[in-house]
Enquirer: 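Below: one structure in structure tokens.
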Amino acid sequence: MHGWWGKVLYVDLSGKKIKEITLDPSYYTDYLGGRGLAARLLWDLNPRGVDPFSPYNHLVIANGPLSSLPLPSSGKVQVASKSPLTLGYGDGNLGSMASFHLKRTGYDAIVIAGSFRKPGYLYVENNRVEFRDAEDLWGLDTFAAEDKLVREHGRNTGMLLIGPGGENLVRYATIVSQKGRSGGRPGLGAVMGSKKLKAIVLKGSLEPSIANKEEFRKLAEEAYGKILKSDNYDFWIRQGTMSTIVWSHQNSCLPTMNFREGVWDEYESISGDLMEKLKVSRRGCPFCNMACGNVILDDSNEESELDYENVAMLGSNILLGDLRRVGEINKLADKLGVDTISLGNSLGFYMEASERNLVSDKLEWGDYREIRRLVIDVAYRRGLGAFIAEGVARMSRSLGREAEEFAMHVKGLEVSAYDCHAAPAMALAYGTSPIGAHHKDAWIISYEVRTNRLGYTRDKVERLVFLQDIRGGMFESLTTCRLPWVEVGLDLEYYPKLLSAATGLTWSIDDIRVIGNRIYSLIRAYWIREHGGWGREMDYAPVRWFKHPLTKGPYTGHKLDIEKYGEMLNAYYDLRGWDERGVPKKTTLEKLKLNFVIPVLEQIIELK
Ligand code: PTT
Ligand code: SF4
């Protein structure tokens with residue numbers, strides 16, 4: 001096969017055994033790789049209802065057919081598992097040399113089962129696997145552990161690591177790489193921690209096979225050139241995702257005070273313009289010519305790499321109005337290996353609970369010293385930190401009904417940094433994202449802002465499904481960075497063409513959309529299997545946006561209309577071929593070649 005190796009490495013940490021699994025070619029042509037392949041492998045391999053922290057839960061590290069081939073921004077790798085935060089399907093995406101080296105080991109994915117008895121790490125060099133001791137690494141933060149592993153294995157490697165957050169099973173612990181790349185928001189770092197797996201070190205030297213090398217080279221070169229010539233290129237290079245702070249404030253979607261408001265008077269104190277003045281360097285992922293990792297010196301004069309989500313969630317959402325201080329908390333999150341979005345939400349939620357006197361340990365909005373101390377306590381699960389390490393859904397359930405009204409999550413995953421009081425389709429994007437409230441599958445708010453902001457229209461739902469198929473289906477499965485398309489307007493057609501040149505098969509955007517649709521229905525089936533049923537209430541945006549109107553900014557007085565949201569949800573189900581409960585119809589499963597899920601679902605729920 002060209003484009004794929006056709007095999008995955010299966011590692012059992014308990015027995016310290018490995019095996020190579022050769023997959024049927026349909027696993028690649030039907031699911032591509034990355035998220036698609038991971039979702040299929042988790043369906044096949046995970047026992048139904050498995051505890052995410054049990055050795056029987058699998059962790060999948062997967063590339064796609066275009067990952068880390070010489071084309072724009074291709075150095076991305078997918079991590080996936082059953083989530084300890086949501087108890088459903090969870091995944092994330094990292095830009096890292098780990099993608100580059102995995103691609104050159106001769107495997108499309110590594111599947112990890114079991115758990116070490118004592119802390120260990122994996123060293124994979126081509127098809128040679130070593131189970132190494134990590135007792136001297138356990139307890140170190142991700143930066144220090146990476147330095148140590150670089151001393152041991154050299155710079156020409158790719159690494160995925162966890163920090164104290166993962167070791168101590170913080171439910172939103174992530175997997176970190178290269179001191180500032182972080183992925184797996186739904187607690188994938190904690191899955192590694194439960195396996196006592198501190199790190200995966202990869203070194204590959206095999207040459208991936210490209211079917212039509214000349215055509216591939218020509219297309220990739222052209223695409224690199226188009227990116228450089230884009231009108232937005234210079235501004236993107238200057239600000240990257242950080243320009244979104246001003247945009248969000250202007251468009252009333254900047255999360256402020258636990259998503260109470262969408263504007264913040266002090267937004268300039270965390271803006272992209274200010275970041276430009278403080279910027280000391282820029283970092284990027286492999287094969288990227290539009291590198292967007294903007295680095296500033298934080299409050300401790302150390303480097304911190306900023307992105308919009310990090311800064312909004314640890315800035316306006318908790319009223320911390322100082323970019324160097326926000327940078328400090330962001331860097332701590334990377335070192336400790338916890339997700340900034342869930343952390344910012346969990347802190348914001350707790351601050352609001354404190355303001356409403358629902359908790360006895362007080363935490364004031366924007367109290368930098370307390371926040372800094374508490375973030376470390378979260379990672380070590382000390383004192384109040386242990387409570388906040390559980391995430392918003394669990395905290396709110398334990399505090400009762402009033403707290404559930406300002407708990408900003410969907411399916412247990414905390415909301416990314418876009419307020420949706422006045423953005424119905426973005427709210428639906430959170431409601432229907434396959435991992436919980438993440439923006440990665442559909443950033444439809446930019447379309448809403450440009451078109452019919454407040455409308456609950458079918459055209460928005462059609463656009464949402466298109467975005468999910470492309471962003472959540474294609475980019476997460478190819479697996480490459482979506483930002484060349486999203487931010488500098490690289491023509492989408494390059495991707496099927498590059499995929500065709502790499503694999504020697506013929507692909508169109510429509511073919512890829514079918515795969516996106518298949519992945520969505522498979523992941524939905526996985527959720528139903530793990531939850532033992534389904535109801536449409538699982539696909540609703542957080543209560544706050546339906547109940548508490550905005551009190552500031554251009555959309556003062558606005559909140560979501562629950563009935564109209566329900567109508568959009570019906571349209572969404574209709575487009576996906578799911579019934580009114582959000583369960584894929586039998587005919588849909590058959591059409592998408594997902595027949596193997598039917599007997600399993602039929603034991604749980606009646607299929608229509
Ligand atoms: C992603 C989510 C995001 S999305 C951000 S900032 W963003 C936060 N980053 C975190 C961080 O940093 N440290 C930390 N401790 N926690 C963090 N949590 C948040 O995680 C990221 C970029 C960005 S920056 C975005 S939009 C794009 N995301 C892509 C994606 O999801 N898929 C894809 N095919 N391409 C993408 N390109 C862009 O990549 P999750 P990264 Mg990330 C420090 O991981 O779980 O998917 O959540 O991967 O290498 O850091 O690149 O304004
Ligand atoms: Fe990485 Fe940014 Fe380049 Fe995407 S655009 S590959 S996130 S550096």
Side-chain angles (χ1 to χ4, degrees), residues 34-35 64 66-68 71-80 83 90-99 142 160 163 165-166 170 172-189 227 233 236-237 240-245 248 282-295 304-314 327 329-345 375 379 413-414 416-418 433 435-436 438-441 443 470-488 490:
R35 169 184 272 180
L66 294 188
S67 306
S68 286
L71 69 113
S73 312
S74 63
K76 292 268 183 187
V77 64
Q78 201 77 11
V79 291
S83 158
D91 70 14
N93 190 287
L94 290 97
S96 161
M97 285 302 285
S99 163
T142 62
L160 300 170
V170 174
Y172 43 88
T174 55
I175 299 174
V176 179
S177 188
Q178 296 173 203
K179 304 184 178 180
R181 307 268 121 192
S182 157
R185 289 195 52 214
L188 294 229
I227 290 171
Y233 185 77
W236 173 258
I237 289 296
T241 59
M242 280 294 290
S243 65
T244 314
I245 293 281
S248 287
R282 199 157 61 86
R283 295 184 195 146
C285 311
F287 296 107
C288 183
N289 71 339
M290 48 182 281
C292 68
N294 289 302
V295 180
S304 177
E305 188 178 326
L306 301 181
D307 268 303
Y308 167 73
E309 303 288 330
N310 307 328
V311 173
M313 294 314 303
L314 299 172
I329 306 299
N330 174 58
K331 174 204 64 194
L332 276 177
D334 285 347
K335 281 187 161 183
L336 298 165
V338 294
D339 176 52
T340 52
I341 298 177
S342 291
L343 180 66
N345 266 289
V375 166
L413 183 71
E414 289 79 7
S416 306
Y418 300 94
S433 151
I435 61 168
H438 199 353
H439 64 292
K440 74 153 86 193
D441 283 65
W443 190 54
I470 296 300
R471 294 167 59 118
M474 184 178 91
F475 284 107
E476 295 312 287
S477 303
L478 280 180
T479 301
T480 72
C481 180
R482 62 172 183 260
L483 298 184
W485 173 59
V486 176
E487 299 291 351
V488 298
L490 182 66

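Start at 1 with the first residue, then count along the sequence. The figures that follow rest on heavy atoms only: side chains count, while hydrogens, waters and symmetry mates do not. Counting starts at 1 for both ligands and their atoms, in listed order.
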Enquirer: Report, in ascending order of atom number, the atoms of ligand 2 lying under 4.0 Å from any heavy atom of K76.
Expert: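 Answer, ordered by atom number: 7 (S).
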Enquirer: Rounded to the nearest 0.5 Å, how far apart are CD1 of I341 and OG of S416?
Expert: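 Answer rounded to 0.5 Å: 4.0 Å.
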Enquirer: Ligand 1: which protein N/O atoms lie under 3.5 Å from its N/O atoms?
Expert:
residue  : atom   : partner : partner atom : Å
ligand 1 : 9 (N)  : N310    : OD1          : 3.1
ligand 1 : 12 (O) : N310    : ND2          : 3.4
ligand 1 : 13 (N) : D334    : OD1          : 2.6
ligand 1 : 15 (N) : D334    : OD1          : 2.8
ligand 1 : 15 (N) : V338    : O            : 2.8
ligand 1 : 16 (N) : S182    : OG           : 3.3
ligand 1 : 16 (N) : T340    : N            : 3.1
ligand 1 : 16 (N) : T340    : OG1          : 3.3
ligand 1 : 18 (N) : D339    : OD1          : 2.5
ligand 1 : 18 (N) : T340    : OG1          : 3.1
ligand 1 : 28 (N) : R482    : NH2          : 3.4
ligand 1 : 31 (O) : R482    : NH1          : 3.1
ligand 1 : 32 (N) : E476    : OE2          : 2.6
ligand 1 : 32 (N) : R482    : NH1          : 3.3
ligand 1 : 34 (N) : E476    : OE2          : 2.8
ligand 1 : 34 (N) : T480    : O            : 2.8
ligand 1 : 35 (N) : R482    : N            : 3.4
ligand 1 : 39 (O) : K76     : NZ           : 2.8
ligand 1 : 44 (O) : N93     : O            : 3.0
ligand 1 : 44 (O) : S182    : O            : 2.8
ligand 1 : 45 (O) : G184    : N            : 2.8
ligand 1 : 45 (O) : R185    : N            : 3.2
ligand 1 : 46 (O) : N93     : N            : 3.3
ligand 1 : 46 (O) : K440    : NZ           : 3.0
ligand 1 : 47 (O) : H438    : NE2          : 3.2
ligand 1 : 48 (O) : N93     : O            : 2.6
ligand 1 : 48 (O) : S182    : O            : 3.3
ligand 1 : 49 (O) : G95     : N            : 2.7
ligand 1 : 49 (O) : R181    : NH1          : 3.4
ligand 1 : 50 (O) : S182    : N            : 3.4
ligand 1 : 51 (O) : K76     : NZ           : 3.1
ligand 1 : 51 (O) : R181    : NH1          : 3.4

Enquirer: Strictly under 2.8 Å, how many protein N, O or S atoms lie near atom 2 (Fe) of ligand 2? Waters don't count.
Expert: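 Every protein N, O or S atom under 2.8 Å from atom 2 (Fe) of ligand 2 counted, the figure is 1.
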Enquirer: Is there a side-chain contact between E414 and D339, using heavy atoms and a 4.5 Å cut-off?
Expert: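 When only atoms from C-beta onward are counted, D339 and E414 do not touch, as no gap falls below 4.5 Å.
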Enquirer: Under 4.5 Å between any side-chain heavy atoms of M242 and L306, yes or no?
Expert: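 Result yes, sub-4.5 Å side-chain heavy-atom pair found.
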Enquirer: Heavy atoms only: give me the nearest S99-S68 pair and the separation to one decimal.
Expert: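 Closest heavy-atom pair between S99 and S68: OG-OG, 2.7 Å.
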Enquirer: Give the ring-plane orientation class for F475 versus W485, where under 30° counts as parallel, over 60° as perpendicular and anything between as tilted.
Expert: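 If you compare the ring of F475 with that of W485, the planes turn out parallel.
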Enquirer: So, do Y172 and L188 sit near enough that their side-chain heavy atoms are less than 4.5 Å apart?
Expert: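 No, every pair of side-chain atoms sits at 4.5 Å or beyond.
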Enquirer: Indicate whether any N or O donor in one side chain lies under 3.5 Å from an N or O acceptor in the other, for D334 and S182.
Expert: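 Not at all, the side chains of D334 and S182 share no donor-acceptor pair under 3.5 Å.
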Enquirer: Under 4.5 Å between any side-chain heavy atoms of N93 and R482, yes or no?
Expert: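 No; the side chains remain at least 4.5 Å from each other.
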Enquirer: Are any non-hydrogen side-chain atoms of T479 and S67 less than 4.5 angstrom apart?
Expert: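 A side-chain contact exists here, since the closest heavy-atom pair is under 4.5 Å.
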Enquirer: Side-chain contact test, heavy atoms from C-beta onward, threshold under 4.5 Å: evaluate it for N310 versus E305 and give yes or no.
Expert: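 No, every pair of side-chain atoms sits at 4.5 Å or beyond.
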Enquirer: Of the side chain and backbone of E487, name the one, both, or neither that has a heavy atom under 4.0 Å from an atom of ligand 2.
Expert: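 Looking at E487 and ligand 2, no heavy atom falls under 4.0 Å.
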Enquirer: With a 4.0 Å cut-off on N to O distance, would you call K76 and E476 a salt bridge?
Expert: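 Judged by the 4.0 Å cut-off on N to carboxylate O distance, K76 and E476 do not form a salt bridge.
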Enquirer: Which atoms from ligand 2 have a heavy atom of R181 less than 4.0 Å away?
Expert: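 Atoms satisfying the 4.0 Å criterion: 1 (Fe), 7 (S).
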